[in-house]
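Working notes, beginning with the structure itself.
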There are 2 protein chains.
Amino acid sequence: MASIREVAQKAHVGVGTVSRALNGSGYVSADAKKRIDQAIEELHYMPNELARNFYRNRTGIIGVVIPNLDHPFFSKFTMEVEMELYRHGYKTLVCNTIGISNREQEYLEMLDRSMVDGIITGSHSLDDSSYLSHDKPIVSLDHDFGGKIPLISSDHKKGGRLAAEVLLADGCKHVIQFAGSTKVRTPANDRHVTFTQMMQEHGVQVQTVESAWNRFTFDYFQKTMEKFMKKYTNVDGIFTADLPAICCLNYAKKYGRKVPEDLKIVSYDAMEITQITDPCLTAVRQDVPQLAKACVHSILALIEGKPVKNMRQIFDVSLQRGGTA
Amino acid sequence: MASIREVAQKAHVGVGTVSRALNGSGYVSADAKKRIDQAIEELHYMPNELARNFYRNRTGIIGVVIPNLDHPFFSKFTMEVEMELYRHGYKTLVCNTIGISNREQEYLEMLDRSMVDGIITGSHSLDDSSYLSHDKPIVSLDHDFGGKIPLISSDHKKGGRLAAEVLLADGCKHVIQFAGSTKVRTPANDRHVTFTQMMQEHGVQVQTVESAWNRFTFDYFQKTMEKFMKKYTNVDGIFTADLPAICCLNYAKKYGRKVPEDLKIVSYDAMEITQITDPCLTAVRQDVPQLAKACVHSILALIEGKPVKNMRQIFDVSLQRGGTA
DNA sequence: TTGAAAGCGCTAACAC
DNA sequence: GTGTTAGCGCTTTCAA
């Protein structure tokens with residue numbers, strides 16, 4: 001690929017003039033411009049972005065760090081992020097951590113290496129300190145770094161409340177909720193806290209089952225669900241994420257438990273996949289496009305040195321009425 | 001962030017020595033090494049990858065161009081590609097084209113701008129010439145560029161045959177297949193060609209419905225399916241991709257058509273999502289991890305200037321027995 | 001309005 | 001073994 005110098009030579013001007021013509025910065029006479037354009041044409045010249053980035057010390061690339069792309073929530077989130085970043089002239093580098101903190105660490109270090117201009121992270125298997133020691137732009141989905149890093153999250157407290165209200169209204173007496181790890185107090189876990197509180201306030205028995213979900217396969221979910229469903233046979237209500245919820249529904253069908261008559265299910269996220277079961281799932285919906293847009297706008301604000309208007313953006317959730325509760 | 005020069009000064013050595021220590025290239029005395037390590041430690045030095053890449057004229061980034069990340073096949077494919085690239089020290093830049101050829105073109109140009117070292121493309125809305133005029137590494141999923149660009153594909157002919165065999169064995173007399181655009185003769189479309197041939201050979205009526213699917217929402221699929229199902233009421237067999245197949249199944253349930261008694265359905269791809277319907281879908285499975293690995297290995301071979309052992313890698317497909325046919 | 005030149009941080013060639 | 005230096009291709013002073 002030809003360089004700017006070759007273009008300059010061919011057009012009989014200096015490299016500075018070519019650069020100015022290319023970037024529309026500074027004066028270039030119409031005559032020079034014409035010769036330059038022609039030279040570019042003839043040489044099929046294309047500016048080397050690497051050199052440009054090097055000079056500017058930026059790449060126009062944002063890292064999106066998520067646990068697992070092969071999951072309806074994160075693939076949708078990543079898609080929406082990519083679309084919005086693209087609109088603003090940025091590119092998306094995608095990083096599956098599948099729960100491996102090494103991977104998370106390595107992607108984080110790309111910030112220091114100037115490989116990415118910023119990171120949007122929805123994966124949190126590292127200590128907070130690993131993030132807080134960075135001064136480069138980071139935005140967090142669903143993990144609270146104490147106001148030092150912009151937080152974008154759904155109103156998970158309300159999410160837990162909505163789920164609880166549905167199951168309470170249905171008269172459940174013994175409910176079980178399947179959660180990821182709740183060791184870390186993170187906004188996404190608030191739903192389980194609120195859910196538990198509300199259930200207990202109404203004298204309903206709540207069982208919370210935690211599992212570390214890093215790779216999500218139906219097979220694994222199915223087995224896990226079966227195990228607990230067989231253990232707690234008197235359960236009449238379930239609250240969990242979309243995918244395990246679907247497994248519960250399948251389990252119920254397989255073993256002849258009527259949904260919603262004998263068993264009510266409320267799921268969380270309400271991705272498209274909840275529309276294809278029979279009956280459709282009753283679910284608490286997160287507004288993924290909104291979350292994605294907020295992440296993008298916050299990271300761009302940080303990059304451009306603008307103040308982030310709101311360091312804690314919490315988005316509303318809503319109830320999707322299906323046939324399982 | 002400190003530069004290599006500052007490290008050199010602090011360690012009382014030249015920048016060359018630091019560089020050699022950093023890269024393990026050339027000789028560095030134990031003494032110098034120690035002082036350098038200490039200086040790096042104190043300065044929190046981290047090599048600027050941008051400068052390094054600039055010098056080497058590479059980024060270690062591969063562009064993955066797909067129609068839509070929010071689709072089970074492509075999100076799984078992209079995930080598998082990312083994992084394999086990561087294993088080989090490469091990063092993944094993801095690009096949703098959602099059928100917009102401008103986007104495809106722009107990502108393609110990143111090759112010329114040296115922003116990516118290579119491109120794996122599963123999206124083909126541009127003319128072949130746009131691809132063939134490039135000399136940089138490109139690998140294609142499911143589009144045949146005539147042997148000039150490595151092709152990775154499933155054995156879609158066999159896929160079409162497997163689907164046909166199932167519906168024939170079930171005694172279907174009037175089948176319909178929903179396809180994307182079949183204007184372009186591309187391996188993925190072979191399944192519909194083979195399917196049609198086999199059906200006709202056995203005197204079965206085949207209807208082929210084409211639609212341009214760029215963004216995939218169940219809502220859209222559902223409406224499209226309903227339209228055609230109502231138009232062709234005597235259809236007793238359906239062959240289409242996973243998502244529209246699920247919509248057909250839902251439609252059938254909604255309108256009381258018994259599956260598989262009155263209506264048989266065979267879907268294509270056999271992603272996890274086909275496991276959660278009731279009954280599970282009978283489907284032709286593509287081996288996505290294999291496809292992804294092959295794409296990665298081919299692109300890396302191209303980048304490293306090694307010969308690509310096989311310019312047309314076709315992977316076997318298999319039948320997943322479900323309850324819909 | 002323009003060309004020459006400095007320099008972004010790094011690597012590698014080449015003297016010492 | 002090690003320091004010096006010349007670029008990599010581009011942008012941006014700065015003097016003309």
Side-chain angles (χ1 to χ4, degrees), chain A residues 1-40 43-61 89 109-117 136, chain B residues 1-40 43-61 89 109-117 136:
Chain A
M1 183 64 54
S3 77
I4 198 173
R5 190 147 40 230
E6 294 171 63
V7 175
Q9 277 167 3
K10 190 154 206 128
H12 301 293
V13 295
V15 292
T17 308
V18 178
S19 176
R20 263 174 273 133
L22 243 39
N23 299 289
S25 54
Y27 299 99
V28 179
S29 67
D31 182 51
K33 177 91 173 82
K34 211 178 68 187
R35 293 203 312 275
I36 290 169
D37 284 345
Q38 196 182 335
I40 287 175
L43 292 165
H44 299 297
Y45 170 74
M46 191 75 88
N48 183 333
E49 199 100 9
L50 238 50
R52 202 176 254 179
N53 289 348
F54 171 49
Y55 179 85
R56 295 186 180 146
N57 197 38
R58 63 179 291 281
T59 59
I61 296 174
E109 278 172 9
M110 294 181 67
L111 272 178
D112 293 325
R113 301 175 170 282
S114 301
M115 275 298 287
V116 293
D117 295 344
K136 299 283 190 66
Chain B
M1 184 61 59
S3 78
I4 198 174
R5 190 146 41 231
E6 295 171 63
V7 174
Q9 276 168 3
K10 189 154 208 130
H12 302 291
V13 295
V15 290
T17 309
V18 178
S19 176
R20 263 172 273 134
L22 243 38
N23 299 290
S25 53
Y27 300 99
V28 179
S29 67
D31 183 50
K33 177 91 174 84
K34 212 178 66 186
R35 294 204 310 277
I36 290 169
D37 284 345
Q38 196 181 335
I40 287 175
L43 292 165
H44 299 297
Y45 170 74
M46 192 72 90
N48 183 335
E49 200 98 11
L50 239 49
R52 205 176 252 178
N53 289 348
F54 171 48
Y55 180 85
R56 295 185 179 147
N57 197 37
R58 63 178 293 280
T59 59
I61 296 175
E109 278 172 10
M110 293 179 68
L111 272 178
D112 293 325
R113 302 174 169 283
S114 300
M115 275 299 287
V116 293
D117 296 344
K136 301 282 192 64

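Just so we're on the same page: letters track the sequence lines, and every chain starts at 1.
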Exercise for review: To the nearest Å, give me how far apart OH (Y55(B)) and C1' (dC8(C)) are.
Suggested key: 16 Å

Review point. Using a heavy-atom cut-off of 4.0 Å to chain A, what are the terminal contacting nucleotides of DNA chain D, in 5' to 3' order?
Key: dC8(D) to dT12(D)

Check your understanding: S29(A) has a side chain; which of dT1(C), dC10(C), dG3(C) sits nearest to it?
Key -> dT1(C)

Exercise for review: Please determine which of Q9(B), R20(B), E6(B), R5(B) meets the side chain to side chain contact (heavy atoms under 4.5 Å, CB included) test together with V15(B).
Suggested key: R5(B)

Practice item. Assign N53(A) to base, sugar-phosphate, or nothing according to its heavy-atom contacts below 4.0 angstrom with the strands shown. Key: nothing

Check your understanding: Counting only N and O atoms by type, is there a donor-acceptor contact under 3.5 Å from the side chain of K136(B) to the main-chain atoms of L111(B)?
Key -> yes

Practice item. Ignoring backbone atoms, establish whether N57(A) has a side-chain N or O less than 4.0 Å from OP1 or OP2 of dG9(C). Key: no

Check your understanding: Counting any heavy atom closer than 4.0 Å, what does V15(B) reach on the DNA or RNA strands: base, sugar-phosphate only, or nothing?
Key -> base

**Study point:** For atom CD of E6(B) and atom P of dG9(C), their distance in whole Å
**Key:** 8 Å

Check your understanding: Choosing from dT11(C), dA12(C), dG9(C), which nucleotide comes nearest the side chain of R52(B)?
Key -> dT11(C)

Exercise for review: Name the nucleic acid region contacted by R20(B), choosing base, sugar-phosphate or nothing; use a 4.0 angstrom heavy-atom cut-off, strictly under.
Suggested key: base

Review point. Whole-Å distance between dT1(C) C1' and K33(A) NZ?
Key: 15 Å

Exercise for review: Check the distance between dA12(C)'s C1' and L22(B)'s CG and give it to me in whole angstrom.
Suggested key: 14 Å

Practice item. Report the distance from atom CZ of R56(A) to atom C1' of dG9(C), rounded to the nearest whole Å. Key: 17 Å

Exercise for review: Can you figure out which of dG9(C), dT1(C), dT11(C) approaches the side chain of S19(B) most closely?
Suggested key: dT11(C)

